[in-house]
Q: 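Please see the structure below; I have some questions.
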Amino acid sequence: MRATTPVFLDFQDADHTLGLGRNVQKAIQDGYIDEVRGPRWFTSLFEKPFFASFTLVTVICSR
């Protein structure tokens with residue numbers, strides 16, 4: 001098992017890799033995020049310092 005934690009400091013890199021814009025749009029369509037506030041929040045990510053991270057756990061199994 002291996003845990004890797006990528007860190008994104010550039011919003012465009014994070015959006016490209018993680019599909020942030022696509023996921024925000026889907027959340028708005030499904031009613032999880034307000035259709036007025038959601039786009040405003042997403043746009044604000046370009047204007048401020050940005051930080052995103054997650055932990056990816058990779059497990060390789062064999063017999």
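Just so you know, these numbers come straight off a predicted model, no measurement behind them. In this chain, numbering begins with 1 at the start of the sequence shown.
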Q: I'd like to know if the side chain of Ser53 reaches the main chain of Pro6, judged simply by a donor and an acceptor atom lying under 3.5 Å from each other, with no hydrogens or angles considered.
A: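 Yes, Ser53 side chain to Pro6 backbone: donor-acceptor pair under 3.5 Å.
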Q: Just by distance, do the side chain of Asn23 and the backbone of Leu18 share a donor-acceptor pair under 3.5 Å?
A: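 Side chain of Asn23 to backbone of Leu18: a pair is present.
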Q: Decide yes or no for Thr5 and Phe54: does some side-chain heavy atom of the first lie under 4.5 Å from some side-chain heavy atom of the second?
A: no
Q: Can you find a heavy atom in the side chain of Val24 that is under 4.5 Å from one in the side chain of Pro39?
A: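 Result no, sub-4.5 Å side-chain heavy-atom pair not found.
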Q: Decide whether Phe8 and Phe46 are clustered together by the hydrophobic rule: side chain heavy atoms of Ile, Leu, Val, Met, Phe, Trp, Tyr closer than 4.5 Å, transitively.
A: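 Phe8 and Phe46: one cluster.
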Q: I'd like to know whether Leu9 forms a side chain to side chain contact (heavy atoms under 4.5 Å, CB included) with Phe50, so could you lay out the CA-CA distance, the side-chain angles of the two residues, the decisive distance to 0.1 Å, and finally the verdict.
A: CA-CA 5 Å; Leu9 300 176; Phe50 181 83; over 6 Å; no
Q: Rounded to the nearest 0.5 Å, what separates atom CD in Gln25 from atom CD1 in Ile33?
A: 9.5 Å
Q: Should we say atom CD of Glu35 is surrounded by more than 12 heavy atoms from elsewhere, each under 6.0 Å from it?
A: no
Q: To the nearest 0.5 Å, how far apart are CG in Asp34 and CZ in Arg40?
A: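 Rounded to the nearest 0.5 Å, the CG-CZ separation comes out at 8.0 Å.
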Q: Determine whether the aromatic ring centres of Phe51 and Phe11 lie less than 6.0 Å apart.
A: no
Q: Could you check if a side-chain atom of Asp15 sits within less than 4.5 angstrom of a side-chain atom of Asp13, using non-hydrogen atoms only?
A: no
Q: Which value, rounded to the nearest 0.5 Å, describes the distance between Ile60 atom CD1 and Met1 atom CE?
A: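 Between Ile60 CD1 and Met1 CE, I get 12.0 Å after rounding to 0.5 Å.
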Q: From Thr43 OG1 over to Trp41 CH2, what is the distance, rounded to the nearest 0.5 angstrom?
A: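 Result: 10.5 Å between the selected atoms.
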Q: Before you tell me yes or no, could you show the steps for Arg2 and Thr4 under side chain to side chain contact (heavy atoms under 4.5 Å, CB included), namely the whole-Å CA-CA distance, both residues' side-chain angles and the distance that decides it to 0.1 Å?
A: CA-CA 7 Å; Arg2 171 179 280 181; Thr4 306; 4.0 Å; yes
Q: For Asp30 and Tyr32, indicate whether the former's side chain and the latter's backbone hold a donor-acceptor pair under 3.5 Å.
A: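 No.
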